[in-house]
Amino acid sequence: MQRVWGVRTTWRTVGDGEFFCPECGGDRNYRRRAGRRRLAVFGLPLLSRGATGPVVECSACGGRFGADALDHLTSTRFSAMLRDAVHTVALAVLAAGGAEDRTVRETAVGAVREAGFEDCTGEQLLALVESLAADTGRLPGSFDEGFEGGTALAIELHEALDPIAPHLVPAGCESILVQGARIALADGPYTPTEREALAAVGRALRISCEDTERVLQAAARMPS
């Protein structure tokens, strides 16, 4: 028997884009939709019952989610942020010293290529380090006194690491720090300036001072 009355929601699209669909488990297109609820009699919408939504509707599976679903990084965006994070950490460690050592450069290039910059070369990294060292001060007194190029790199580190840190589990943050440590250790034990740079990396990744020291000591014990 057909229901005489009920509440029907009519939807309209107010935006679109790409998001990580929790139902599909991957990057999908979405439509951001706003709705209006109406009392319907014999299927005909009559009296307004107020607005509802907005919701995020997956174009693939049709699932509807709260607007906070857009806070989850897409796989594409996450990969790009991770790539930029490793690249910036490599620059920070190179700027701390050892950039002229071939083994250090090769270790840095290997880490950056593995992160996604497949065409990276040692010459490119050196050029960027020199460019950052020439930047005379967007954030005076930061990074650590005596750190060559530290002012600009302090900003670069926070711009690259602050956005991704909340989306990483602790082990993920520590993994980025370990990659920086391996670059620093490529030519021998940490220098004081390299430790300062790696401590700054830890702070930008929201790793406690105690955990940063633990990670650095563990990396130093790893076979080269």
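Not measured: the values here are computed from a predicted model.
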Where is the tightest heavy-atom contact between [X] and [Y], given as atom of each residue plus distance?
X	Y	value
Ala181	Leu216	CB-CD2, 4.0 Å
Val86	Ala115	CB-CB, 3.7 Å
Thr212	Gly202	OG1-CA, 3.8 Å
Cys173	Ala165	SG-O, 4.1 Å
Thr13	Gly15	CG2-O, 3.5 Å
Phe20	Thr74	N-CG2, 4.0 Å

Any heavy-atom pair between the side chains of [Y] and [X] that's under 4.5 Å?
X	Y	result
Arg214	Glu174	yes
Tyr30	Leu70	yes
Glu106	Val109	no
Arg77	Glu18	no
Asp16	Asn29	no

Short side-chain to backbone donor-acceptor contact, [X] and [Y], under 3.5 Å:
X	Y	answer
Thr107	Thr103	yes
Asp27	Ser75	yes
Glu114	Ala111	no
Ser131	Ala127	no
Gln124	Thr121	yes

Next item on the list: Just do the side chain to side chain contact (heavy atoms under 4.5 Å, CB included) check on Leu82 and Ile176 with the steps written out, would you?
Entry: CA-CA 9 Å; Leu82 188 59; Ile176 295 176; 3.7 Å; yes
Look up atom [atom1] in [X] and atom [atom2] in [Y], then write down how far apart they are to the nearest 0.5 Å.
X	Y	atom1	atom2	answer
Leu185	Glu194	CG	CD	7.5 Å
Glu118	Arg83	CD	CZ	10.0 Å
Arg203	Asp162	CZ	CG	12.0 Å
Thr88	Ile155	OG1	CD1	12.5 Å

Shared hydrophobic cluster for [X] and [Y] (ILVMFWY, side-chain gaps under 4.5 Å):
X	Y	answer
Val169	Ile164	no
Leu126	Val89	no
Val56	Leu73	no
Phe19	Met81	no
Leu125	Leu198	yes

Notebook entry, point to check: Residues two or more places apart in sequence or in another chain: which of them pass ring-ring contact (aromatic ring centres under 6.0 Å, His included) with Phe65?
Noted result: none
Notebook entry, point to check: Would you find more than 12 non-hydrogen atoms of other residues, nucleotides or ligands less than 6.0 Å from Arg182 atom CZ?
Noted result: no
Next item on the list: Begin with the C-alpha distance, continue with both residues' side-chain angles, and end with the deciding distance and a verdict on ring-ring contact (aromatic ring centres under 6.0 Å, His included) for Phe117 and His87.
Entry: CA-CA 8 Å; Phe117 282 113; His87 183 259; 5.0 Å; yes
Next item on the list: Go through the steps to decide whether Arg64 and Arg33 satisfy the test side chain to side chain contact (heavy atoms under 4.5 Å, CB included), and finish with yes or no.
Entry: CA-CA 9 Å; Arg64 289 175 178 160; Arg33 312 198 76 190; 4.0 Å; yes
Check: With respect to Glu57, which candidate in Arg31, Arg32, Arg28 satisfies the salt bridge (Lys or Arg N to Asp or Glu O under 4.0 Å) definition?
Finding: Arg31
Checklist line | side-chain contact (heavy atoms from CB on, under 4.5 Å) involving Val104 - partner list, sequence neighbours excluded | finding: Leu94, Asp101, Ile183, Ala186, Asp187
Checklist line | Steps toward side chain to side chain contact (heavy atoms under 4.5 Å, CB included) verdict (Ile207, Val215) | finding: CA-CA 10 Å; Ile207 303 174; Val215 170; 5.5 Å; no
Margin query: Less than 4.0 angstrom from a charged side-chain N to a carboxylate O is my criterion; do Arg195 and Glu213 meet it?
Written below: yes
